[in-house]
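Read through the structure below, which is laid out as structure tokens, and then see the notes.
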Amino acid sequence: MSVLLEARGVTKVFGSGLFDQKRVVALEDFSMSISKDDPSIVAVVGESGSGKTTLARILLGLETPTAGDILYEGVNLQTLSRIERHEFRRNVQVVFQDPFEVYNPFYRVDHVLNTPIVKFGLAKSPTERKTLIEGVLEAVGLRPDEILGRHPHQLSGGQRQRIMVARALLLKPKVIIADEPVSMIDASLRATVLANLQQLKEDFGISVIYITHDLATAFQISQNIVVMYSGSVTEVGDVNRVVTDPKHPYTQLLIGSVPRADPNLQWSVDNLEVSHDIGIKGENYCKFADRCPHVLSQCVEKAPSLYQIDSQRGAACYLYEDSPVVERDAMNSLFVNQQ
Amino acid sequence: MKPIVLEVRNLKTYFHTPRGVVKAVDDVSFDLMQGERFGLVGESGSGKTTVALSLLRMIKAPGQIEGGQLLLDGQDILKLSDEEMRRIRLAGIALVTQGAMNALNPVIRVREQLIDGIKDHDGNLSREAMEARVQELLSGVDLIPQVADMYAHQLSGGMKQRVCIAIGICMRPKVIIADEPTSALDVVVQRRVMETLRRAQEEVGAAVILVGHDMGLMAQFVDRMAVMYAGKLVEVSPVRNVFQEPLHPYTELLIDSVPTLTEKDVLKGIQGSMPSMLGLPSGCVFNPRCPYSDESCVSTLQETKEVEAGRWAACHKIDAIRNLNPSGGV
Ligand SMILES: Nc1ncnc2c1ncn2[C@@H]1O[C@H](COP(=O)(O)OP(=O)(O)OP(=O)(O)O)[C@@H](O)[C@H]1O
Ligand SMILES: Nc1ncnc2c1ncn2[C@@H]1O[C@H](COP(=O)(O)OP(=O)(O)OP(=O)(O)O)[C@@H](O)[C@H]1O
Ligand SMILES: [Mg+2]
Ligand SMILES: [Mg+2]
């Protein structure tokens with residue numbers, strides 16, 4: 001397998017400076033790779049604050065890892081040549097979580113779409129540019145005549161999010177890192193936009209890292225899933241297995257907490273959610289221990305390894321310690337459709 | 001039946017853009033009962049946030065409330081002076097938004113932000129009484145007392161959202177509007193925040209209008225639901241009915257497009273896209289995308305009618321559609 005983008009043993013610590021009150025390990029020993037010739041959609045889900053956006057920013061080179069490396073086509077991001085960097089910027093695109101933040105309020109939305117066209121020379125004439133822009137806007141269900149010319153605050157939340165997806169589509173990159181791209185969009189449009197991403201994968205071989213809180217859509221569009229808790233991977237593998245039969249107690253709590261679209265199904269996970277003081281010493285322990293209904297004494301002494309529960313799935317939990325250990329940098333071996 | 005706390009009558013809010021008038025809210029009417037949990041869903045850009053902001057008279061130019069009545073306990077708040085309206089915010093109608101989480105002032109401790117809210121309306125409390133009120137508010141949203149001394153950046157998203165709820169309920173409002181309060185939170189935290197909101201709401205006896213896209217959340221949280229499309233309410237029904245036997249074809253298709261955790265489907269949204277808000281189709285606004293539409297849907301003026309007790313819908317073909325699908329659903 002030739003690798004396009006790879007995270008190798010990445011750790012990110014925030015606030016270790018002199019004046020910071022709290023040190024946060026946002027991401028811990030994380031490894032994952034995106035294949036060049038075998039496009040796929042990987043979902044990254046997990047707790048708010050578990051490090052998902054940090055992972056995205058590190059993969060994009062917007063944040064430097066405290067330890068570990070990001071490699072683009074085998075070359076460390078920090079040592080890319082100018083030409084390689086230009087290519088990286090085009091081929092690795094992002095759709096960010098908070099569309100309120102990325103827009104400059106003084107520019108019209110046209111600017112967001114024109115800039116990449118100019119920067120990467122995507123159009124030879126103004127007519128071609130117009131056709132390109134209208135095409136991607138329509139692909140995400142927006143009307144060019146209604147949207148173009150407006151300022152960001154004149155659009156609804158969902159309209160802003162879709163413009164960001166349209167912008168990513170414009171460049172036909174090799175990877176799209178999508179951080180909550182549809183969190184503010186209704187169910188029907190969400191399906192349309194995600195089906196769009198899926199189509200891109202089929203038609204242009206674009207891989208997608210889909211970061212989300214929406215487990216139902218993660219289940220629908222991705223092949224593989226990574227579940228994060230407090231900077232670490234708790235469960236990983238084939239999305240069908242992880243979602244329909246979660247093994248890690250955190251994944252069980254997460255899946256159990258999804259509100260079902262049926263007023264007759266109770267929204268209750270009381271037996272899955274506990275909170276206890278388990279006397280944590282040091283830094284090496286399972287971060288979920290104080291909320292885990294199955295906590296064992298060893299959980300607070302040393303963080304569990306990733307255990308391979310079946311051919312296509314692993315969980316970092318002592319409940320499965322009889323299973324073989326998967327090295328953290330071999331996490332990809334648990335993915336379906338990848339060697 | 002419980003008494004009505006808020007009557008929205010023929011509300012019209014338009015944006016006057018250089019390209020034409022956007023009728024973001026066009027002739028919307030509904031009643032909100034005391035203590036009721038009411039959901040407002042609909043396509044992105046259909047006007048939900050504009051309804052929410054209109055109820056607080058927070059619409060800014062080029063937008064304007066063009067007509068209608070907003071009766072809070074029988075009093076039309078559209079007729080109030082700006083000063084009277086300022087009092088109504090928080091004490092009468094409070095707003096918790098998704099952005100509110102990021103709108104917490106970063107350089108002021110949580111305590112001061114809560115006190116600001118209380119002082120605005122009740123400046124005469126002693127320091128001790130004020131502190132007691134702060135602690136009561138924090139514990140009411142499941143936050144530990146120490147949070148009062150913290151700044152926004154020291155709180156997680158779920159904690160910040162709870163602080164916003166505390167600010168929202170500090171004046172014991174009659175109505176709390178929550179516009180996508182949890183769409184940035186994970187489902188575990190979401191569940192806790194919604195439980196907090198429910199408890200706080202029941203305690204102060206406030207009604208809640210929950211605006212959002214998450215049909216699962218709606219199914220689990222609200223009593224009744226309104227569905228919006230292109231500036232109009234197309235259906236208002238008890239939540240059970242909406243999921244079991246939606247009346248309006250748009251509601252039906254919207255529910256159909258909700259993905260599940262059990263079955264893998266081809267993801268597909270409703271075909272076509274929302275009409276341009278600058279040139280709405282004549283007749284029913286949904287007719288260009290409706291699988292049941294015919295000539296009559298273009299020529300008949302769209303009207304919202306009480307189809308059966310407690311259920312309203314804006315579709316003149318409901319009886320015909322029901323005969324097509326006696327079991328309900330396509
Ligand atoms: N620039 C920063 N400085 C200090 N701490 C940070 C910074 N960025 C992130 N963090 C911390 O790192 C942790 C991970 O944050 P991150 O934004 O990656 O979480 P997330 O999984 O994306 O959460 P959410 O689902 O809420 O978006 C959090 O504890 C956060 O507070
Ligand atoms: N300041 C403004 N100027 C012009 N048009 C506006 C303005 N604010 C909103 N609109 C338009 O009004 C319509 C309704 O917007 P609104 O924000 O109420 O939608 P919404 O239903 O809340 O959507 P979402 O679910 O995406 O948040 C949209 O077509 C939007 O583009
Ligand atoms: Mg994030
Ligand atoms: Mg909105």
Side-chain angles (χ1 to χ4, degrees), chain A residues 21-22 45-50 97-98 100-101 138 141-143 145-146 149-150 154-159 161-162 180 183-195 198 213-217 219-221 240 243-244 253-255 257-267 269 273, chain B residues 15 17-19 22 41-50 62 98-99 102 154 156-158 180 183-191 194 213-221 239-240 242-244 253-255 257-262 264-270 273-278:
Chain A
Q21 304 165 322
K22 223 176 91 197
V45 304
E47 214 197 12
S48 310
S50 60
Q97 183 168 23
D98 192 347
F100 299 92
E101 279 176 4
E138 275 157 17
L142 291 173
R143 289 173 183 280
D145 59 330
E146 210 178 323
R150 287 219 194 155
Q154 296 173 321
L155 300 167
S156 78
Q159 287 168 333
Q161 272 193 328
R162 279 178 283 156
E180 295 282 5
S183 59
M184 291 196 255
I185 307 182
D186 60 279
S188 154
L189 256 174
R190 198 177 280 204
T192 308
V193 172
L194 291 174
Q198 227 169 3
H213 288 306
D214 181 359
L215 286 139
T217 55
F219 173 63
Q220 300 292 338
I221 72 161
N240 295 328
V243 169
T244 54
L253 172 64
L254 191 67
I255 305 281
S257 301
V258 175
R260 310 291 148 125
D262 178 350
N264 296 315
L265 291 179
Q266 266 276 315
W267 196 16
V269 288
E273 196 165 20
Chain B
F15 291 101
T17 74
R19 283 169 200 237
V22 172
V41 304
E43 193 131 331
S44 167
S46 60
K48 303 178 296 299
T49 297
T50 308
Q98 174 185 45
N102 305 322
Q154 295 172 307
S156 75
E180 305 197 40
S183 61
L185 305 174
D186 71 76
V187 290
V188 179
V189 178
Q190 174 186 59
R191 190 172 137 268
M194 294 313 288
H213 292 302
D214 186 337
M215 299 300 266
L217 190 59
M218 291 291 163
Q220 298 297 331
F221 187 81
V239 69
R240 261 166 218 284
V242 173
F243 283 90
Q244 263 154 27
L253 292 169
L254 183 66
I255 299 226
S257 66
V258 175
T260 70
L261 279 175
T262 42
K264 264 198 172 165
D265 276 325
V266 185
L267 273 183
K268 62 171 190 338
I270 303 170
S273 56
M274 204 168 79
S276 164
M277 296 294 273
L278 295 169

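Worth knowing before you read on, the calculation uses all heavy atoms, side chains too, and leaves out hydrogens, waters and symmetry mates. Letters go in sequence order (proteins before strands), and every chain restarts at 1.
- Smallest separation of non-hydrogen atoms from L261(B) and T244(A): O-CG2, 4.1 Å.
- Per-residue counts of heavy-atom pairs under 4.5 Å with chain A were compared for V41(B), V22(B), T260(B); the largest is that of T260(B).
- Residue contact with chain A, scored on non-hydrogen atoms closer than 4.5 Å, involves the side chain of M194(B) exclusively.
- L254(A) touches chain B through backbone and side chain together, each having a heavy atom under 4.5 Å away.
- E146(A) is listed as a side-chain neighbour of L278(B), based on a closest heavy-atom distance under 4.5 Å.
- Heavy atoms closer than 4.5 Å to chain B are found nowhere in D214(A), neither backbone nor side chain.
- Contact between V239(B) and P263(A) at its shortest, heavy atoms only, is O-CG, 4.0 Å.
- Distance CD1/I185(A) to CD/E43(B): 10.5 Å, rounded to 0.5 Å.
- Taking all atoms of both residues into account, the shortest heavy-atom contact from Q220(B) to R260(A) is NE2-O, 3.1 Å.
- Contacts between V258(A) and chain B at a heavy-atom distance below 4.5 Å involve backbone atoms as well as side-chain atoms.
- The part of Q266(A) that comes within reach of chain B is its backbone (N, CA, C, O), which places non-hydrogen atoms under 4.5 angstrom from that chain.
- The part of R143(A) that comes within reach of chain B is its side chain, from C-beta onward, which places non-hydrogen atoms under 4.5 angstrom from that chain.
- Contacts of R191(B) with chain A are made by both backbone and side-chain atoms, with heavy-atom separations under 4.5 Å.
- There is no contact between T49(B) and chain A, counting heavy-atom distances below 4.5 Å.
- To the nearest 0.5 Å, atoms CD1 (I221(A)) and NZ (K264(B)) are separated by 10.0 Å.
- Counted by atom type alone, D186(A) and S44(B) present zero donor-acceptor pairs between their side chains at under 3.5 Å.
- Between P259(B) and T217(A) the shortest heavy-atom distance is CG-CG2, 3.9 Å.
- S188(A) places a side-chain N or O within 3.5 Å of a backbone atom of I270(B) that can act as its donor or acceptor partner.
- Using a 4.5 Å cut-off between heavy atoms, T50(B) does not touch chain A at all.
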